[in-house]
Amino acid sequence: MSALAKTSILTEEGGNQCRKRSLPSSEQCNKRSKTDDMSANEKKSNFSLLNPNNGTIKTNTSSMNKPGAATKKLIIKNFKSKPNLPENYQETTWSKLREAVIAIQTSKAIAYSLEELYQAVENMCSHKMASQLYVNLTNLVEAHVKANIEQFLSESMDRQVFLKRMDDCWRAHCRQMIMIRSIFLYLDRTYVLQNPSIHSIWDMGLDLFRHHIAMNTLVQTRTVDGLLLLIERERGGDAVDISLLKSLLRMLSDLQIYQKAFENKFLQATERLYAAEGQRLMRELAVPQYLAHVEKRLREENERLLHYLDPSTKWQLIHTVERQLLSEHLSGILSKGLETLMDGPRLSDLTTLYNLFSRVKDGLNELCNHFNAYIKKKGRTIVIEPERDKTMVAELLEFKEQLDHIVNTCFQRNDKFLYSMREAFEFFINQRQNKPAELIAKFVDVKLRAGNKEATEEELERLLDKIMVLFRFIHGKDVFEAFYKKDLAKRLLVGKSASVDAEKSMLSKLKQECGGGFTCKLEGMFKDMELSKDINITYKQHLTAMKEGGGLELSVYILTMGFWPTYAPVEVRLPIELTRHQDHFTKFYLAKHSGRKLQWQATLGHCVLRANFTQGNKELQVSLFQALVLLLFNDGDNLSFEEIKTATNIEEGELRRTLQSLACGKARVLTKAPRGREVDDTDHFSFNADFTNKLFRIKINQIQMKETSEEQKATEERVFQDRQYQIDAAIVRVMKMRKALSHNLLISELYNQLKFPVKPADLKKRIESLIDRDYMERDKDNPNQYNYVA
Amino acid sequence: MSGEDCDVDRGDNDGQKSDKMFTLKKWNAVAMWSWDVECDTCAICRVQVMDACLRCQGESKKDSYGKQDCVVVWGECNHSFHFCCMSLWVKQNNRCPLCQQEWSIQRMGK
Ligand SMILES: [Zn+2]
Ligand SMILES: [Zn+2]
Ligand SMILES: [Zn+2]
């Protein structure tokens, strides 16, 4: 049972006591307040009709009556010595009072002054006639109340008329009782207070009204049914007499029959109404409209509570509405509408959904489950279809941002939803192996490449942070690393990196996320670039010292094998001049670094050529392959494809693309015969002496071969080979630190450290291999335990 | 350096061969260095010699560029291993793990 229910019991008890002892006149209260420390609440009378707030006060009064009454006896001071009374004093005085009461009951003028009547009551009480006076008064009131029942019993009566008449009767009763009590006030103050078992005059009136009118089965049924009908019509949208409703419900409360006679029936009617309405509207309305309707219903019922229902009904009433309109339809609402709301996104509807669902048990759990399923389903469609690869990362970023926004603004940043979102992302993004990792790497490449003017540095930084969020979900982090490395190599070697700061920032983000082991090779690439700069300076100094400078300026990037992506070695025929420069540098380098060998990467070389056209000199920025082809034209013109191929030894496909770039592209420094966009084996090429261009420095782009799926496969394969080493290294690292470890603990440590998905069987294989190689051994006593071998 | 190299360089000087259609001014070449070994893999730890040996990888020191610290060593037999791996090996057995010749260092990588 809830605290609410307990309170309502208290209320009832309090109400009872209060009524017995209620002291309607403020004069009385003032007197009392001198001696008791009364709360202000108690000063208020119990007259519902006069004081619309009385319903809320009941709970506060219960404890105060008894002590107040006790003190009361001590301070009564209108104590007079009894005068002698005339013989028939009691009869004559009573008949005077009786006449007055009947005048009040029949709305006639009273023949005596109120002061006189009041005095008469006081005198009678002072002469021990109080008890008889009370009995007489009770009989008088009872007779009148009894007589009132007739008007409610006629066979057929319009409900509205009936209710109105009941209200009139009730109001009249209250009015009369107030007046009667003001005359008999002295009786209430003395006799009633001294006799705890006697009702106050007001309560006596209520009691009689309850007994003779309200508890009459026919009258009660008619009243309650009439009220329910009015409420039903109001719920249906009709305008009804709210004050009538309010007055009659208050009457039921005052008569202590609100709960028994009305509330249960009312709640049942409510339940029936909303059960049917929920079923019907779930079919008829779209979810946003349905939610709006539920909100409206809840608002209306709360207003009903404010306007006419007893506040004690609140919990049950609201709970009933919530149960029938929400709890019954949780998954119905979500399966019907969540997807549309999320897709919109219809933020205000989602907020409504969240707020409503948070009201009912399991509401948020259900919402969160559907939210999770939605992310997984939608996310899967983003990553799974190869046609969408081009936009995958952008879509993922947008999707994530939208979900963040929804959780932040509509779902009150509820942690449960945040965790669920992360779980869902991690789940769906790994539904497709490798590709998301690859595309995220490429996305970063585009953003870090020079010429990307889309973003300021701050914007770029923010974007990188967002990308890191996606990266975090990827299981195969090494796949990302492999593709990232390939692009980073290109940026570094071609000088295409937009900003060193941005590169370093991305690197430190990766390091923070995955540890130094993950980024040490990437950092090695940057280090190689710096070391190369130093080597080239030293080489230049060496040439100057040897008096060998001038002419061709050679600079070399020396890359550490293993740090960089693997490039297939390509053998081309260099002009003797280049070979000599190359050999010269090699000798210089190996003299400084013994035990090393150099492998020249012709595909990565770049050159600056000075070209001598009829219209003037130009400077051409070209690839080494382009340069090799162009240099041939110094010694002969009109060369065939075959001749060029033999002279340079460039692979056929590569040569075709190279010639295309020189003779068919934007800057045609060669002419091709016959003309055409494709290069055939039989084509001939000549120097285009008439070449013109308004620029002095011209960059002729090498036509890039589309990254073939084989290349991609090769990158992936290398990743998988690398994984073996990484597993080995991780095992050694863990064992070195722990010295001895059980199999299970070792495996779980490894899962923490490895940045890619791996099966336990694979780990076991690597452990066996390391045992073979004496890195570790099985414990002699416990075969499930490994010991590190130093 | 022989005089020939100088001839090549000087022959390319500005102005002297302006009749040439193309003159190479600048060459940005790329070369990959690796240890000059017969076998890529260290027979002791079975990691490529270009990578740090397993134990050094395990250290995963911050700001270390991996193998710079973990160099290669060649024996007189011309077999090569990680220096770290070999120093541990010779404590137990002073022979080359591949050819069983007595181990003596021919040179170290640098
Ligand atoms: Zn080794
Ligand atoms: Zn080492
Ligand atoms: Zn050997």
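Lettering of chains follows the sequences in order, A, B, ..., and the numbering in each one begins at 1. Source: prediction; values computed, not measured.
- Side-chain contact between Trp564(A) and Val30(B) is absent, with no heavy atoms from C-beta onward closer than 4.5 Å.
- Atom CE of Met561(A) is separated from atom CG of Asp51(B) by 11.5 Å, given to the nearest 0.5 angstrom.
- Between His606(A) atom NE2 and Lys26(B) atom NZ the span is 12.5 Å, to the nearest 0.5 Å.
- Among the candidates Ala689(A), Gly605(A), Ala611(A), the residue making the largest number of heavy-atom pairs closer than 4.5 Å to chain B is Ala611(A).
- Enclosure of atom NZ in Lys739(A) by more than 12 non-hydrogen atoms of other residues, nucleotides or ligands within 6.0 angstrom is indicated.
- Annotation: Lys699(A), atom NZ; neighbour count of heavy atoms from other residues, nucleotides and ligands within 6.0 Å is above 12.
- A distance of 12.0 Å separates CG of Leu632(A) from CE of Met21(B), quoted to the nearest 0.5 Å.
- Heavy atoms of Lys618(A) lying under 4.5 Å from chain B are absent altogether.
- Heavy atoms of Leu624(A) lying under 4.5 Å from chain B belong exclusively to its side chain.
- Here the straight-line distance linking atom CE of Met108(B) with atom OG of Ser594(A) works out to 9.0 Å at 0.5 Å rounding.
- Counting only distance, with no hydrogens or angles, the side chain of Arg773(A) and the backbone of Cys45(B) share a donor-acceptor pair below 3.5 Å.
- Considering OG of Ser532(A) and CG of Asn28(B), their distance stands at 11.5 Å, rounded to 0.5 Å.
- With a 4.5 angstrom heavy-atom cutoff, Val37(B) touches chain A only via backbone atoms.
- Residue Glu571(A) places its CD atom among 12 or fewer non-hydrogen atoms of other residues, nucleotides or ligands, all under 6.0 Å distant.
- By the neighbour-count criterion of 12 heavy atoms within 6.0 Å, atom CD of Gln512(A) is sparsely surrounded, having that number or fewer from other residues, nucleotides or ligands.
- Within the 4.5 angstrom heavy-atom criterion, only side-chain atoms of Tyr788(A), from C-beta onward, approach chain B.
- Contact tally against chain B (heavy-atom pairs below 4.5 Å) for Asn536(A), Leu604(A), Thr519(A): the top residue is Leu604(A).
- Heavy-atom distances place both the backbone and the side chain of Val47(B) under 4.5 Å from chain A.
- Within the 4.5 Å cutoff, the side chain of Met50(B) has heavy atoms near those of the Thr560(A) side chain.
- The shortest distance between side-chain heavy atoms of Trp33(B) and His593(A) does not fall below 4.5 Å.
- In terms of heavy atoms, Gly595(A) sits closest to Trp74(B) at O-CH2, 3.0 Å.
- Using a 4.5 Å cut-off between heavy atoms, Leu620(A) touches chain B through its side chain atoms alone.
- Taking chain B as the reference chain and counting heavy-atom pairs below 4.5 Å, the highest number among Tyr567(A), Phe585(A), Tyr589(A) is found for Tyr589(A).
- Rounding to the nearest 0.5 Å places CD1 of Ile44(B) at 11.5 Å from CG of Asp774(A).
- Only one option out of Leu609(A), Val556(A), Leu574(A), Val608(A) pairs with Trp27(B) in a side chain to side chain contact (heavy atoms under 4.5 Å, CB included); it is Leu574(A).
- The parts of Phe633(A) that come within reach of chain B are both its backbone and its side chain, each placing non-hydrogen atoms under 4.5 angstrom from that chain.
- Comparing Met32(B), Arg46(B), Gln48(B), Lys110(B) by how many heavy-atom pairs each has under 4.5 Å with chain A, the most go to Met32(B).
- In this structure, Leu590(A) and Asp36(B) have side chains that are not in contact, with every pair of non-hydrogen atoms separated by 4.5 Å or more.
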